[in-house]
A.B. asks: 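Sharing a structure, written as structure tokens. Questions coming.
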There are 2 protein chains.
Amino acid sequence: MTDTRSTPPAGGDAPAATPDRRSPVTLSDVARASGVSLATASRAVNGSARKVRPDLHARVLAAAAQLGYTANGPAQAMARGRTSVLGLVVQDIADPYFSTMAAGVVRGAEQRGLVVTIGTTGRDPAKEAQHVAALRGQRASAVVVVGSRTDDAAVQARLAEEVAAFEASGGRAVLVSQESLPVDTLVVENEQGAEALARALTERGHERFAVLAGPPGLLTARDRLAGFRAGAAAGGGRVVDDLVLHGDFTRDGGHAAMHRLLDAGFDRGCVLAVNDVMAVGAMAALRERGVDLPGAVAVAGFDDISTLRDVTPALTTVRLPLQEIGERAVELLLDEEGGGPRTVRVRGEVVLRASTPDLRRG
Amino acid sequence: MTDTRSTPPAGGDAPAATPDRRSPVTLSDVARASGVSLATASRAVNGSARKVRPDLHARVLAAAAQLGYTANGPAQAMARGRTSVLGLVVQDIADPYFSTMAAGVVRGAEQRGLVVTIGTTGRDPAKEAQHVAALRGQRASAVVVVGSRTDDAAVQARLAEEVAAFEASGGRAVLVSQESLPVDTLVVENEQGAEALARALTERGHERFAVLAGPPGLLTARDRLAGFRAGAAAGGGRVVDDLVLHGDFTRDGGHAAMHRLLDAGFDRGCVLAVNDVMAVGAMAALRERGVDLPGAVAVAGFDDISTLRDVTPALTTVRLPLQEIGERAVELLLDEEGGGPRTVRVRGEVVLRASTPDLRRG
DNA sequence: CTGTTAGCGCCTTCAA
DNA sequence: TTGAAGGCGCTAACAG
């Protein structure tokens, strides 16, 4: 097995940097080729403190390039006790909410030389903990878990435990969601955003609201509903309890919920879908049923997914800086912490569009 | 990987599986605790051939669970000479085309116990090679590069070289794109799909076509244009050369190109945007200019991005099984190869919708 | 079937 | 500064 494969010790010119050789060149190949010790080669190719004589340094680098040397990641990771991996855990990477955030995370990570791995839960909150555990095994140096917390205490406890273990093992973690666990968290101000949205809507003359509310256990959905309710009341309108329907946080969820709403006799008013994807599904349902949109029924969403900015009528929503959130999560990760768990709040911005016409102006 | 987290083996209560201990427990801890050798522990926790006496096996597993043992990924990778990482390289993970495919890849990978890392090129083809090189350094066991090849020979050569090096080092690689490099490739039949689309359109009575063609160097865009051109001609229609405009492969690219088209006097006919995202941008431009859509100008796209299925008028397009493509890429990766580079072809399916009305039926 | 014994490739004290 | 030597945690021949 042991098969010293270093290229024929120079002599001539040829070999060039053809990296296509089986069994990759190692650091000792480089060391040998440049006539220095393994340690020096290591320091030259990647020594934290620069303490290698310039000419040697250059010589080693040249040899490395010439041989086509590439550090063996796992070996480095093992020696250092840590990889440069940032694990990202999301529910569904095909969902624009998550993929946009992921883009931000990837962007931030690549800038800092981190590799990002991605794990998906398929909307099963219990899998978050599993992924974090796996990431700990991989010796990832950081993890960011994006996704609404749920009201399932056991699941949350398990996640908290795994995150704690992850941090105890020397990694950094940040959650993007609600402020519910003792970890650095990037909190999206769902409640405030929804409240502002409701106020804006009442100012436009809307008074009677229905809500397509997402899964009952999802805190994100719940917060949006609560905020919206408060805002509506404050603005003189009201969310009709019988018109609050739950459904999946997806396009189909919104679609189905809207149909049920229509079936229940709803035919006039403004409906908030707790996210844009659901809102689009709701709009499709409205169209299918021949309802005048936005004349009879107005619709508002949440998130301001960019791919959805061109639907008609243009969707009123609360813009969340998704990509930026991803980038900030990475920053948070890398900042040195100064004590207890930090919380960074991100707020959304109400964007009024044609799907919720101004009733008082005509 | 082995995440045997069974509850503490009963018996006593005590230590529990608090994994919060600094300096993780290692395999030798487990071996010691269960009174077997390191090798046996290794085999029990994860020996390919099952050759450990049942009682010992159980004992080891119990100890592992009790101590909260998690294998050290990098160490395993180093010992084995390979990680269980599948590197995915895409242009932009926020783009639904890629994120949907990524979802498929992640799905397939997770099922097989592979971790997927994601690298993005930000539309710079040269970065594909860099990512593949990095992946080789990480000893990834597989890589899938998704994205159109370009006509830049140097860039392609570099990619070919890196992929070859990657494979030479023992990894498996597959490309999703055109059939242009000597590597296993999942070819998306863009030309055929576009041709079929054009034919279907001519059958609906459309004759005069404009094309928002994407970046000039992109093979995907080029193939779609070529196929469309051929199909139009075959159906008795024609793509007007002056009405073929290039633009980014993005929503804004389509938006801008459509404005230019309108500026150039175009006001009647059917326009093909070489992908759905561009088509949506084009539709927005049409709306902004008050053009009757689809009355005066009809629009067709390509991909059938699911998030875009609810735009109005509903977009005629060519459906590509994006998620499935991702899954199949993973399958291809894991199949044993039987010789030279294999090619798997995936075709799209024309989906006629309201954005391209049937002119002959009224 | 189990235990012993080498490394895997690199980083990092510890001397020189 | 540089070199020599030990070890990271695990797997994989080899014997027993």
Side-chain angles (χ1 to χ4, degrees), chain A residues 1-6 21-60 64 67-84 136-139 141 169-170, chain B residues 1-2 21-60 64 67-84 136-139 141 169-170:
Chain A
M1 281 308 108
T2 343
D3 174 15
T4 346
R5 172 138 358 216
S6 46
R21 204 171 307 313
R22 198 86 186 191
S23 106
V25 326
T26 73
L27 228 209
S28 15
D29 293 331
V30 175
R32 197 175 318 124
S34 46
V36 301
S37 73
L38 219 193
T40 300
S42 171
R43 293 189 270 249
V45 171
N46 143 356
S48 41
R50 50 171 50 288
K51 329 158 74 173
V52 175
R53 214 194 319 151
D55 58 313
L56 276 193
H57 190 91
R59 184 137 49 100
V60 175
L67 296 175
Y69 169 75
T70 308
N72 179 315
Q76 273 186 182
M78 181 160 106
R80 300 210 250 248
R82 198 145 278 299
T83 65
S84 55
R136 177 159 57 94
Q138 297 307 316
R139 298 300 183 271
S141 54
S169 81
Chain B
M1 281 301 115
T2 342
R21 200 172 312 313
R22 198 88 186 189
S23 107
V25 326
T26 73
L27 229 208
S28 18
D29 293 332
V30 175
R32 196 175 317 122
S34 47
V36 301
S37 74
L38 218 196
T40 298
S42 170
R43 292 189 272 250
V45 172
N46 145 353
S48 41
R50 50 172 49 291
K51 329 160 73 175
V52 175
R53 215 195 317 151
D55 60 313
L56 277 193
H57 190 91
R59 184 139 48 99
V60 175
L67 296 175
Y69 170 74
T70 308
N72 179 314
Q76 272 186 183
M78 183 159 105
R80 298 209 250 247
R82 199 143 277 299
T83 64
S84 53
R136 179 159 55 94
Q138 296 308 316
R139 297 301 183 273
S141 55
S169 80

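Lettering follows sequence order; numbering is per chain, from 1.
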A.B. asks: Using a 3.5 Å distance criterion without hydrogens, assess whether the side chain of A:Thr83 forms a donor-acceptor pair with backbone atoms of A:Ala77.
C.D. replies: no
A.B. asks: Is a side-chain N or O of B:Arg32 found less than 3.5 angstrom from the main chain of B:Val30, in a donor-acceptor match?
C.D. replies: no
A.B. asks: Where the side chain of A:Leu27 is defined as all heavy atoms beyond and including C-beta, which of C:dC11, D:dA4, D:dT11 is the nearest nucleotide?
C.D. replies: C:dC11
A.B. asks: Can you identify which nucleotide, out of C:dT2, D:dG9, C:dT13, has its nearest atom closest to the B:Asn72 side chain?
C.D. replies: D:dG9
A.B. asks: Could you check how far CG of B:Asn46 sits from C1' of D:dG9, rounded to whole Å?
C.D. replies: 13 Å
A.B. asks: If you assign each of A:Thr70 and B:Gly35 to its closest nucleotide in DNA chain C, which residue comes earlier from the 5' end?
C.D. replies: B:Gly35
A.B. asks: Can you check whether B:Gln76 reaches B:Ser42 side chain to side chain, under 4.5 Å on heavy atoms?
C.D. replies: no
A.B. asks: Which whole-number value in Å describes the distance from A:His57 NE2 to D:dT1 P?
C.D. replies: 13 Å
A.B. asks: Please work out if A:Ala71 contacts a base, only the sugar-phosphate, or nothing of the nucleic acid, heavy-atom cut-off 4.0 Å.
C.D. replies: sugar-phosphate
A.B. asks: Just how far, in rounded Å, is P of D:dT2 from CZ of A:Arg32?
C.D. replies: 20 Å
A.B. asks: Tell whether B:Arg139 reaches the base of C:dG9 with its side chain through a donor-acceptor pair below 3.5 angstrom.
C.D. replies: no
A.B. asks: What is the distance, to the nearest angstrom, from the CZ atom on B:Arg80 to the P atom on D:dG9?
C.D. replies: 16 Å
A.B. asks: Map A:Leu38 and B:Ser42 onto DNA chain D by nearest heavy atom, then report which one ends up closer to the 5' terminus.
C.D. replies: A:Leu38
A.B. asks: Can you find a pair of side-chain heavy atoms, one from B:Asn72 and one from B:Thr26, that are under 4.5 Å apart?
C.D. replies: no
A.B. asks: Would you tell me if any nitrogen or oxygen in the side chain of B:Gln76 comes within less than 4.0 Å of OP1 or OP2 on D:dT11?
C.D. replies: yes
A.B. asks: Whole-Å distance between D:dC14 P and B:Arg43 CZ?
C.D. replies: 14 Å
A.B. asks: Which nucleotide in the list D:dT11, C:dG9, D:dG3 gets nearest to the side chain of B:Met78?
C.D. replies: C:dG9
A.B. asks: Is there side-chain contact between A:Ser169 and A:Arg82, with at least one heavy-atom pair below 4.5 Å?
C.D. replies: yes
A.B. asks: Taking the minimum atom-to-atom distance to the side chain of B:Ala79, which one of C:dT2, D:dA12, D:dG9 wins?
C.D. replies: D:dG9
A.B. asks: The side chain of A:Ser37 is closest to which nucleotide in this list: D:dT1, C:dC10, D:dA4?
C.D. replies: D:dA4
A.B. asks: May I ask you to verify if any side-chain N or O of A:Arg53 is less than 4.0 angstrom from the OP1 or OP2 atom of D:dT1?
C.D. replies: no
